[in-house]
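One structure below.
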Amino acid sequence: MSSTEWEPVIGLEVHAHLKTRTKMFCRCELAYGAGENTRTCPVCLAHPGALPVPNRKAIQYTIELGLALGCEISERAIFARKNYFYPDLPKGYQISQYEAPLCGPGALDVPGGVRVGITRAHLEEDAAKTVHAGGATGRSVGADYSLVDFNRGGTPLLEIVSEPDLHSADDADRFLRLLRQTIVELGISDAEMEKGTLRADVNVSVRPRGETGFRPRWELKNMNSFTFIRRGIEAAVREQIAAYDRGETLEQSTYDYDPDTDRLTVHRSKEEADDYRYFPEPDLVPVAPPADLVERLRSGLPELPGARIERLAEHLGVESASQLVSTGNDAKAEAFAAHGVEWKAAAALAMNRGDFLPENAEALARIVQANVTREALDEAFAAAASGPIEADPYLAQTALGDESELGPVIDAILAANPGQVATYRGGKEGVLGFFVGAVMRETQGKADPKVVNRLLREKLRG
Ligand code: ADP
Ligand code: MG
Ligand code: ZN
């Protein structure tokens with residue numbers, strides 16, 4: 001064990017496929033899962049003389065994301081050629097942005113007190129997809145031959161680069177989830193990691209706590225789930241600390257995370273060297289978004305997930321608020337709370353009950369606060385999903401809350417289950433649920449659970 005306390009330092013490069021109808025620089029339609037090489041044209045296949053035309057919608061989407069991250073929007077963004085040689089890149093360069101990205105510095109506040117600087121957000125085109133076939137590993141190493149599907153080539157890709165402001169796998173996970181949620185809610189990308197429409201490269205280094213400089217980073221690639229990203233970060237942190245403890249020095253390098261072995265393997269780079277010889281794209285003029293367009297997009301932004309989590313966290317804590325927002329249930333919880341339902345109960349109802357028409361929020365709130373039978377409650381929620389409901393018919397189905405009626409039922413159940421009673425009295429209060437269930441069965445779901453719980457506790461104590 002070393003005495004040094006190590007601090008992880010993490011920065012992310014996130015790519016999202018934009019949900020435009022057509023590709024970034026041509027009119028080929030985007031179609032996931034379409035037959036191989038059915039969405040191509042002279043532009044995205046790089047036939048000589050074919051010229052790119054930028055996709056207006058992709059530019060608008062990128063600006064919207066930039067505004068959501070509080071970024072400066074460039075008045076004169078420049079497309080650049082990033083040169084490298086690989087079969088997935090027919091032009092021999094990728095059109096990207098380098099010195100003048102569309103969106104400059106900004107920040108994303110992750111609820112819980114972590115502010116992550118956004119270095120830049122820019123627009124580029126995705127490469128085609130290579131499929132390595134015949135080999136035992138399925139990777140390029142050992143494959144017999146490779147096939148290229150150019151359908152993906154030219155897909156608009158939003159790249160978001162964060163500052164190295166994250167200091168744990170947990171925080172990186174929360175940042176990435178919030179960023180994803182923001183992207184999805186803006187409607188600019190489906191951002192599904194399993195489908196490859198969201199990808200993240202993760203840069204990781206460690207340093208002794210208190211040190212302010214940065215040490216060489218490892219860039220982790222090809223992790224296609226939130227879980228693998230988290231585990232990849234943990235593996236890199238672990239291995240770097242072990243290396244420093246052995247007295248080694250580290251170099252900047254690129255790894256893949258192998259989920260089967262929970263280890264990092266050296267990434268086979270497809271580029272010769274990290275020298276892309278960027279230069280301005282001569283076939284495209286600079287992008288100069290009109291100020292009134294930017295202002296219109298800014299004022300059209302919805303309330304963002306981060307802000308909603310902050311707002312709900314005051315009542316529910318960050319974790320529960322994040323869960324509500326990330327599952328799209330926060331509006332329901334707020335509607336219940338607005339009509340008097342206590343916040344925790346409102347959150348539980350929003351998470352556990354199905355969707356209902358917003359106009360039914362008030363009636364449902366009245367019903368859940370009254371002592372109605374469980375059946376009435378189920379019926380009310382079922383009906384509230386498809387049409388307007390009135391509270392009164394449900395309120396009439398009052399639950400059995402009368403102690404003189406419930407008392408004997410409970411006494412009989414306790415008498416019939418001496419073993420469970422002893423377990424409860426021995427400290428295992430979890431068996432309370434067993435008794436509640438038994439009372440509900442005995443009363444055909446008509447007993448008021450609140451009264452049942454109170455009576456059970458009293459009698460079991462006794
Ligand atoms: P490149 O474009 O060559 O990958 P950048 O300077 O743009 O290099 O950095 C890429 C990412 O690496 C950014 O997300 C940044 O936050 C992160 N990063 C930079 N230095 C470090 C470091 N020492 N430790 C961890 N992450 C780092
Ligand atoms: Mg990089
Ligand atoms: Zn095309």
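What's counted below: heavy atoms across the whole structure, side chains too, no hydrogens, waters or symmetry copies. Counting starts at 1 for both ligands and their atoms, following the listed order.
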Given [options], identify the one with the heavy atom nearest to [atom].
atom: atom 24 (N) of ligand 1; options: Ala236, Ser205, Ala200; value: Ser205
atom: atom 27 (C) of ligand 1; options: Arg215, Arg217, Glu13; value: Arg217
atom: atom 15 (C) of ligand 1; options: Gly117, Gly213, Ser162; value: Ser162

His15 side chain to Glu13 side chain, donor-acceptor N/O pair below 3.5 angstrom: no
Donor + acceptor pair across side chains of Tyr278, Arg81 (<3.5 Å): no
Could you tell me, atom by atom, which parts of ligand 1 come under 4.0 Å of a heavy atom of [X]?
X: Gly11; result: 14 (O), 16 (O), 26 (N)
X: Val161; result: 13 (C), 14 (O)
X: Leu12; result: 14 (O)
X: Pro164; result: 16 (O), 26 (N), 27 (C)
X: Glu163; result: 16 (O)
X: Val9; result: 24 (N), 25 (C)

Tyr32 ring center near His17 ring center (under 6.0 Å): yes
Nearby protein N/O/S atoms (those under 2.8 Å) for the Zn ion (ligand 3), with water ignored: Cys26 SG, Cys28 SG, Cys41 SG, Cys44 SG
N or O pair under 3.5 Å between Phe214 and ligand 1: no
